[in-house]
There are 2 protein chains.
Amino acid sequence: MKVSKDEIILAARELFREKGYAGASMQDLADRVGLRKASLYMRFPNKEALVPEVLEMTLNTTFSQPGISSPDWKTAYEAVIRSIAAALTDRHRCVGFHLAYGIGDDTPLAKQAVRDFFRSHLDRMTDILARAMPRETATIIAADDLARLEGATLHLALFDDPTSMKRAVDLALGPVRSH
Amino acid sequence: MKVSKDEIILAARELFREKGYAGASMQDLADRVGLRKASLYMRFPNKEALVPEVLEMTLNTTFSQPGISSPDWKTAYEAVIRSIAAALTDRHRCVGFHLAYGIGDDTPLAKQAVRDFFRSHLDRMTDILARAMPRETATIIAADDLARLEGATLHLALFDDPTSMKRAVDLALGPVRSH
DNA sequence: ACAAAATACTACCGATCGGTCGTTTGTAAA
DNA sequence: TTTACAAACGACCGATCGGTAGTATTTTGT
């Protein structure tokens with residue numbers, strides 16, 4: 001194999017993040033990894049099938065950062081927030097968010113994958129917070145913290161401005177520290 | 001004229017919001033307004049030229065809501081926040097955000113229009129807040145409030161869940177009320 | 001009523017889209 | 001070294017993309 005499957009998924013992630021689902025072409029993906037378009041269909045049955053793989057890889061790396069599996073909930077939550085924020089700050093956009101906006105009912109497998117992607121984020125964040133507070137409260141905090149991080153990518157994507165993301169991290173971590 | 005220019009812009013806005021710039025086709029737009037594709041090029045020189053018009057119309061309606069031009073800054077700011085939140089809650093997505101994510105360097109006029117769109121939002125919000133606080137503080141609050149509103153569309157688009165948006169409004173307005 | 005101008009139309013352009021087919025190439029077991 | 005299988009390939013498919021040319025139709029000014 002000239003190119004590993006992970007390399008293709010990685011390139012597909014960049015493509016989806018930058019151009020969205022509709023704007024990403026298989027030809028462009030083939031060019032980026034140095035294969036012919038037809039060869040991509042050896043590994044993936046179609047374009048839609050790339051989406052679950054991209055999101056699964058992203059989810060895994062996000063939640064594989066050190067500290068996230070700490071028994072101390074403060075340590076774990078801070079690690080999650082920082083892991084997400086670091087990825088978003090680095091790339092200026094969120095693949096999942098771009099796909100969430102752009103994917104329609106014509107690609108149901110991709111749509112479900114996007115839902116699972118964010119549901120996993122929310123569940124894992126909620127589980128950590130629920131160690132120290134009622135689950136109901138944890139659910140709300142997780143949802144709002146994630147929304148704030150995602151929203152801060154607006155300033156990154158448009159104005160190359162990371163300060164809003166930094167404040168989003170501080171605001172998510174402030175109450176945790178003083179808990 | 002079978003169809004007014006504003007109708008076309010309105011339909012284009014829906015299209016961009018749902019499918020993004022790359023995913024929106026001129027044929028689809030023509031179908032929605034009941035024209036032939038070629039007739040669209042009577043009013044707009046090309047696809048890219050739709051973007052500034054769409055965003056200008058959106059900006060105008062957003063900031064034409066009652067209360068926004070109130071001399072009382074609290075009234076004005078609340079009206080702005082509620083105007084933005086109402087539009088996002090209704091449509092589940094933000095056109096500007098979708099375009100901000102999807103538009104690349106190949107469409108520079110559209111890119112600049114998106115930047116202007118959000119810059120106007122931020123400037124107008126900052127101007128209102130600056131009546132009651134240092135401009136530096138106002139800039140930060142405006143940026144973070146807008147980011148939070150945009151981020152809350154994640155829960156709307158994916159899970160049809162408006163609660164995060166409601167909390168975003170409350171959080172943006174809470175400090176204002178108790179000021 | 002008539003001419004001029006604006007608008008919408010049919011038909012088409014080359015390029016690119018996602019995807020498939022049949023063949024060649026590389027590799028690993030025998 | 002031969003055999004067998006997977007991987008990569010060039011060439012191609014129908015559909016759709018943004019956009020244009022020329023013509024018909026409707027509106028407008030006189």
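Nothing here was measured: the structure is a model prediction, and the numbers come from that model.
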Q | Output field: ring centroids B/Phe97/A/Phe97 closer than 6.0 Å | A | yes
**Q.** Whole angstrom value for the distance that separates P of D/dA11 from CD of A/Gln27
**A.** 14 Å
Q. To the nearest Å, how far apart are B/Phe44 CZ and D/dG19 P?
A. 13 Å
Q: Could you tell me whether B/Ala24 contacts a base, only the sugar-phosphate backbone, or nothing, with contacts defined as non-hydrogen atoms closer than 4.0 Å?
A: sugar-phosphate
(Q) Quick test of your reading of the model: are B/Lys19 and B/Asp28 salt-bridged, counting only N-O distances below 4.0 Å? (A) yes
Q) How close or far is atom P of C/dG19 from atom CZ of A/Arg36, stated in whole angstroms? A) 19 Å
Q) Roughly, in whole Å, what's the span from CE in A/Met42 to P in D/dC5? A) 14 Å
Q: Send over the distance from B/Lys2 NZ to C/dC9 P, rounded to a whole Å.
A: 4 Å
Q. Has the side chain of B/Lys37 got a donor or acceptor atom sitting under 3.5 Å from an opposite partner on the base of D/dG18?
A. yes
Q: Identify which nucleotide among D/dC17, C/dG18, C/dT10 has an atom closest to any side-chain atom of B/Ala38, counting heavy atoms from C-beta outward.
A: C/dT10
(Q) Is the phosphate of C/dA6 approached by B/Arg43 (side-chain N or O, under 4.0 Å from OP1 or OP2)? (A) no
Q. Taking the six-membered ring where the residue is Trp, are the ring centres of A/Tyr101 and B/Tyr101 under 6.0 Å apart?
A. no
Q. In whole angstrom, what separates B/Leu35's CG from C/dT10's P?
A. 11 Å
Q | Length of the line joining A/Leu29:CG and C/dG19:C1', which is rounded to integer Å | A | 14 Å
**Q.** Comparing A/Pro45 and A/Asp28 on DNA chain C - which has the more 5′ nearest nucleotide
**A.** A/Asp28
Q.
Side chains of A/Asp145 and A/Tyr77: any donor to acceptor distance under 3.5 Å?
A. yes
Q. Roughly, in whole Å, what's the span from NZ in B/Lys19 to C1' in D/dC17?
A. 13 Å
Q.
Please compare B/Tyr21 and B/Met1 by the position of their nearest nucleotide in DNA chain D and report the one closer to 5'.
A. B/Tyr21
Q: May I ask you to say what A/Ser39 touches in the nucleic acid, namely base, sugar-phosphate or nothing, with a heavy-atom cut-off under 4.0 Å?
A: base
Q. If you draw the axis of the six-membered ring of B/Phe44, does the NZ or CZ of B/Lys5 fall within 45° of it and under 6.0 Å from the ring centre?
A. yes
Q: Using heavy atoms to find the nearest nucleotide of DNA chain D for A/Val3 and B/Gly23 separately, return the residue whose nucleotide is more 5′.
A: A/Val3
